[in-house]
Amino acid sequence: FPILFLDSRYLRDGQVLGLDIAVLPERLDTLQRAGRGGDIAASGVIRFLATSVAEDGLILVAPVYSGAMPAAVSQRQGDALRGYVLASFSLRQLLDRYENDQGALALSLELQDISDLGGQKLHYRSPQQPARESALLLTLELQLADRRHALTIRPSEEFLRANSTPGGLAIVLTAGP
């Protein structure tokens, strides 16, 4: 346990019934962290094979208990743990959609796992290359379940051409709270 049953438009005719995600040590660790902590845990990078092309992503895992979650950590992975709810996310589908939008303003994105948890570290770099000669840079730390990520945003050459200002006015990158 658990078995994740796949529903993919790329797999037909019962080719795959499910996937025992506890068989691989990194994924088992994600399940155990969710069960011990009683909260959502994020995996390291996983490879999705049930798509049109193999791509990287991650899974979020939330434990499901019968009744209330046990207060004692030692009891959280016992009889009260009924299973897990899992959600999978393709990095390409999540991030490429926004970078190719006109609202993204041709910015270069890089997302890197900076947590000290196991598994292959997430590292995503957008196809948009950063400008070579620009000091503009915005770095944010993001929390996704129990993992921390650094998001780095840099302007591309296209961004700098589209947003050049006469007379040396400064361009400032800023982010909300």
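Every heavy atom of this structure was used, including side-chain atoms; hydrogens, water molecules and symmetry mates were not.
Of all heavy-atom pairs between Thr30 and Ala41, the closest is O-CB, 3.6 Å. When all heavy atoms are compared, the tightest approach of Ala145 to Ile40 is CB-O, 3.5 Å. The two residues Ala34 and Pro63 make their nearest non-hydrogen contact at O-CG, 3.3 Å. Here the closest heavy-atom approach between residue Arg147 and residue Ser115 is recorded as NH1-OG, 3.5 Å. Of all heavy-atom pairs between Phe159 and Leu107, the closest is CD1-CD2, 3.6 Å. Of all heavy-atom pairs between Ser43 and Leu58, the closest is OG-CA, 3.5 Å.
As a member of the Ile/Leu/Val/Met/Phe/Trp/Tyr network built from side-chain separations under 4.5 Å, Leu117 groups with nothing else and remains a singleton.
To the nearest 0.5 Å, atoms CG (Leu140) and NE2 (His149) are separated by 13.5 Å. How far CD1 of Ile46 is from CZ of Phe89: 10.5 Å, rounded to the nearest 0.5 Å. For the atom pair OG of Ser108 and CG of Leu136, the computed distance is 12.5 Å after rounding to the nearest 0.5 Å. From Gln128, atom CD reaches atom CD of Glu157 across 9.5 Å, with rounding to the nearest 0.5 Å.
Contacts classified as salt bridge (charged side-chain N to carboxylate O under 4.0 Å, His left out) and involving residues 126-142 (residues at least two apart or in different chains) are given here: Glu141-Arg148.
Contacts of Glu110 classified as side-chain hydrogen bond (donor to acceptor under 3.5 Å, both in side chains), with partners at least two apart in sequence or in another chain: His123, Arg125. With sequence neighbours excluded, the residues forming a side-chain hydrogen bond (donor to acceptor under 3.5 Å, both in side chains) with Asp29 are Arg33, listed by chain and number. Taking Gln32 as the reference, Leu28, Arg36, Gln77 meet the side chain to side chain contact (heavy atoms under 4.5 Å, CB included) condition, with sequence neighbours excluded. Val85 is linked by a side chain to side chain contact (heavy atoms under 4.5 Å, CB included) to Val64, counting only residues two or more places apart in sequence or in another chain. By the side chain to side chain contact (heavy atoms under 4.5 Å, CB included) test, Ala72 is found to be paired with Ser74, Gln75, residues two or more places apart in sequence or in another chain being considered. Looking at residues two or more places apart in sequence or on another chain, you find a side chain to side chain contact (heavy atoms under 4.5 Å, CB included) between Thr139 and Leu137, Thr152.
For Glu158 (side chain) and Leu160 (main-chain N/O), no donor-acceptor pair under 3.5 Å exists by modelled atom type. Formation of a donor-acceptor pair under 3.5 Å by the Tyr65 side chain with backbone atoms of Gly35 is found in this model.
Placement of Leu111 and Ile114 in two distinct hydrophobic clusters is found when ILVMFWY residues are connected by side-chain heavy-atom separations under 4.5 Å, directly or transitively.
Checking Leu86, Asp146, Asp39 one by one against Val61, the side-chain contact (heavy atoms from CB on, under 4.5 Å) holds for a single residue, Leu86.
Between Leu144 and Leu60 the shortest side-chain heavy-atom distance falls below 4.5 Å.
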